[in-house]
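Counting convention: from 1, in listed order, for ligands and their atoms alike. Just the heavy atoms: all of them, side chains too, but no hydrogens, waters or symmetry mates, feed the values below.
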Amino acid sequence: MIKFSSKPNFDKDGTVLLLEKSQVSQNRFPGGLPDEVRDAIKHVADAGQFTGEKCQMFPLLHDGRTLVLLGLGEFRDLSMTKLRICVKTVMQSGFLRKINAIEVVPSRDSEEVTRAIVEGICLGTYRWDKYIASAQSETKALDKDITICANKRKANDNIVKVCGAVNFARDLVNENADVTTSDYLEKAIKKLIKGHKHVSMQVLNKKELKAKGLHLHLAVNQGSRREPKLVIVKYNGGSKKAKYTALVGKGLTYDTGGLNLKPTGHIESMKLDMGGAACVIGTLKSAIDLNLKRNVLFVCGIAENVTGAASYKPGEVLNSYSGKTVEVANTDAEGRLVLADAISYVVRNYKPGKIIDVATLTGACIVALGFDYCGLVSTDDSLAGKLIQSSKATDDRAWRLPMYPELSESVKSQIADIRNLGSPKGAGGAITAAEFLRQFTEDTTWAHLDIAGTSYVENGKRQYFGHGATGAGVRLLTHYLQHNS
Ligand code: BES
Ligand code: MN
Ligand code: ZN
């Protein structure tokens, strides 16, 4: 549990004292620090043992208590990402492993510092270890009693809540694909919204999808023994007049590529392909936990892209909910098919003011931007600008890619209204996929986040994230909803 206290007490079994380099060289330590501890720090500083370099850790013992000095370097050279990494590192260090009550004393109090410390702890120490026997008896860092010194602000508790939502999304992605099926996701959403009168949900199963004509969504799921589902959660936290903002997530519980089967090396991590839906569900959890005063539609297009006798086939032409026909040039470009139907269904039936879709959509986005920034595509400069602002404020990074009229050429088909593969082959795959989606938005203000690279860490670490899901997009979208109407 994380609590906040406006003054340091130095009374816990463990203390982490964050010190900037100049504070160390000038012996400027926080008030309330016991004299002996002050002398001990001076001693190791004078001896040149602790200089306050970025991420340097130095343990001291006093009265049977452990105090870990954590160097930050000079504050002006410290990025808030690096601060998160340093905090994660100290919380996972052997010095604090067996200590259950820990006080964290920052070198200065500001909103961005507090946010970085909370996220360094909550997001940095998250570990998916459900299937590791030896991990079950350990106390998790997040179950410890942690006090952070920061002036009381409502925002502090909210940051902790949003981290809980991020980790909730991570659990959904990390769990086995044969556990997080469409039924499982539906139940998880039901459980989240239970007891909240301003939140309701509608689920379209196979039968309803057929009756309403969401043929693209159905086709993608055709080889699966599970039910396809379009889940739409109505969250009415705002005024009656305010239009909905629709968040639409790609929920491929597994993506084998279908008959255009993915090769070894590309298929193994494809439980991550519901990262967009997990982001939408995580953001729904944030909205509920923060009691968000907005009207939002949380939409998940859920399917499984697997091979079988019934699988949909490359080269065929399908009808869509919108009425446009689609040439399936490649069954592995399935996300845009599910999203196209979900987007047109939401546009026609709910008339949202804005749509933001989130999807692990293209490997091409990873080629373009790597793993640290998701791709943002939008036809609306104002919406794109606001999303970039939220991205910067939360360190949930997004970088804008272009969208322009000539792109419509790239998704033309010889035999249908549109093709699910961009041309020329291998050129601008992230933006041709976005162009495909745009053609189903019917001019609704729209933005698209391609989180293919950011949603998952394959080997080792990235920033303050360990192996597995990152919950990409939850912090960004929660911040966006909080600060814009
Ligand atoms: N889910 C994948 C995209 C992906 C790739 C996500 C790697 C995360 C990591 C998507 O459905 C896909 O297969 N896209 C194809 C599109 C291609 C066939 C036009 C791709 O990116 O190769
Ligand atoms: Mn695919
Ligand atoms: Zn996919």
Side-chain angles (χ1 to χ4, degrees), residues 173-174 177 180 182 216-217 219-224 228 248-279 300-307 311-315 326-342 357-375 377 401 407 410-411 413 418-437 448-459 462 467-470 472-473:
V173 175
N174 283 326
T180 37
S182 60
L216 300 178
H217 188 157
V220 169
N221 197 71
Q222 234 166 250
S224 174
V248 183
K250 169 178 173 182
L252 265 290
T253 57
Y254 203 85
D255 178 16
T256 66
L259 293 177
N260 291 110
L261 188 64
K262 285 185 185 293
T264 297
H266 290 87
I267 197 170
E268 297 82 356
S269 60
M270 279 303 139
K271 67 176 182 184
L272 68 72
D273 217 18
M274 35 68 77
C279 167
C300 296
I302 307 172
E304 188 184 44
N305 188 21
V306 290
T307 62
S311 293
Y312 80 132
K313 299 171 181 67
V326 180
E327 178 193 349
V328 179
N330 191 311
T331 59
D332 198 11
E334 83 298 336
R336 68 197 72 180
L337 300 177
V338 173
L339 286 174
D341 267 354
D357 76 79
V358 204
T360 49
L361 202 64
T362 67
C365 189
I366 307 177
V367 176
L369 294 175
F371 294 100
D372 294 310
Y373 282 79
C374 77
V377 178
L401 299 171
L407 267 184
S410 68
V411 290
S413 165
I418 189 171
R419 190 167 178 260
N420 80 333
L421 199 59
S423 69
K425 206 169 176 254
I431 56 176
T432 55
E435 169 62 16
F436 184 95
L437 297 179
H448 158 67
L449 298 172
D450 191 333
I451 59 169
T454 53
S455 67
Y456 202 81
V457 181
E458 197 85 57
N459 29 43
R462 178 186 312 151
H467 182 90
T470 61

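- Regarding atom 10 (C) of ligand 1, its nearest protein heavy-atom neighbour is L361 O, 3.3 Å.
- Taking only nitrogen or oxygen atoms, main chain and side chain alike, R336 does not reach within less than 3.5 Å of ligand 1.
- The protein atom (non-hydrogen) at minimum distance from atom 2 (C) of ligand 1 is D255 OD2, 3.6 Å.
- A distance of 13.0 Å separates CG of D255 from CE of M274, quoted to the nearest 0.5 Å.
- Interface atoms of ligand 1 facing K250, defined by a heavy-atom separation under 4.0 Å, are 1 (N), 10 (C), 11 (O).
- Residue contacts with ligand 1 do not include E458, since none of its heavy atoms lies under 4.0 Å from the ligand.
- In D255, the N, O or S atom that comes nearest to the Zn ion (ligand 3) is OD2.
- Note that NE2 of H467 and CG of N174 are 7.5 Å apart. Values are rounded to the nearest 0.5 Å.
- For the ligand labelled ligand 1, residue N305 lies outside the 4.0 Å heavy-atom shell.
- Looking at N420, its side chain does come within 3.5 Å of a backbone N or O of A333 through a donor-acceptor pair.
- Side-chain atoms of N330 never come within 3.5 Å of backbone atoms of L421 as a donor-acceptor pair (strictly under, hydrogens ignored).
- Contact atoms of ligand 1 toward L272: 8 (C) (distance under 4.0 Å to a heavy atom of the residue).
- For ligand 1, the atoms lying closer than 4.0 Å to a non-hydrogen atom of T360 are 1 (N), 2 (C), 3 (C), 6 (C).
- Atom 20 (C) of ligand 1 has as its closest protein heavy atom G363 N, 3.8 Å.
- In terms of modelled atom types and a separation under 3.5 Å, the side chain of T331 and the main chain of G257 share a donor-acceptor contact.
- Here the straight-line distance linking atom CG of L401 with atom NE2 of H448 works out to 8.5 Å at 0.5 Å rounding.
- Pairing each heavy atom of F436 with each of R336, the nearest pair is CE2-O, 3.5 Å.
- Taking the Mn ion (ligand 2) as the corner point, the angle from D332 atom OD1 to D255 atom OD2 is about 100° (rounded to 10 degrees).
- Residue contact check: L421 has heavy atoms under 4.0 Å from atoms 19 (C) of ligand 1.
- Using a 4.0 angstrom heavy-atom cutoff, I366 counts as in contact with ligand 1.
- Considering just the N/O/S atoms of D273, the one nearest the Zn ion (ligand 3) carries the name OD2.
- Atom 12 (C) of ligand 1 has its closest protein heavy atom at D332 O, 3.2 Å.
- A distance-only check finds a donor-acceptor pair linking the side chain of E268 to the backbone of H266 [under 3.5 Å].
- Residue K262 places a heavy atom less than 4.0 Å from ligand 1.
- In terms of polar-atom proximity, T362 is not counted as a contact of ligand 1, lacking any N or O under 3.5 Å from an N or O of the ligand.
- Counting only distance, with no hydrogens or angles, the side chain of R462 and the backbone of T470 share no donor-acceptor pair below 3.5 Å.
- If you take OH on Y254 and NZ on K271, they are separated by 9.0 Å, rounding to the nearest 0.5 Å.
- Atom CD1 of I302 is separated from atom OG of S224 by 12.0 Å, given to the nearest 0.5 angstrom.
- Counting just the N/O/S atoms of E334, the one with the shortest distance to the Mn ion (ligand 2) is named OE1.
- At least one N, O or S atom of K250 sits under 2.8 Å from the Zn ion (ligand 3).
- The backbone N or O of V411 lies less than 3.5 Å from no partner atom in the side chain of S423, so there is not a single donor-acceptor pair.
- Heavy atoms of D273 found under 4.0 angstrom from ligand 1 belong exclusively to the side chain.
- Compare M274, M270, E334 by their heavy atoms: the one nearest to atom 9 (C) of ligand 1 is in M270.
- Remark: the backbone N or O of L361 is paired with a side-chain donor or acceptor of D450 at under 3.5 angstrom.
- Residue contacts with ligand 1 for K425 are absent, since no atom lies close enough (heavy atoms, distance under 4.0 Å).
- Atom 22 (O) of ligand 1 lies below 4.0 Å from none of the non-hydrogen atoms of the protein.
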Between K250 and E334, does a salt bridge (charged side-chain N to carboxylate O under 4.0 Å, His left out) hold up when you go through it step by step?
-> CA-CA 10 Å; K250 169 178 173 182; E334 83 298 336; 3.1 Å; yes
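- Nearest to atom 6 (C) of ligand 1 among the protein's heavy atoms is A452 CB, 3.6 Å.
- Among heteroatoms of the N, O or S kind in E334, OE2 lies nearest the Zn ion (ligand 3).
- If you take CD1 on I451 and CG on D357, they are separated by 10.0 Å, rounding to the nearest 0.5 Å.
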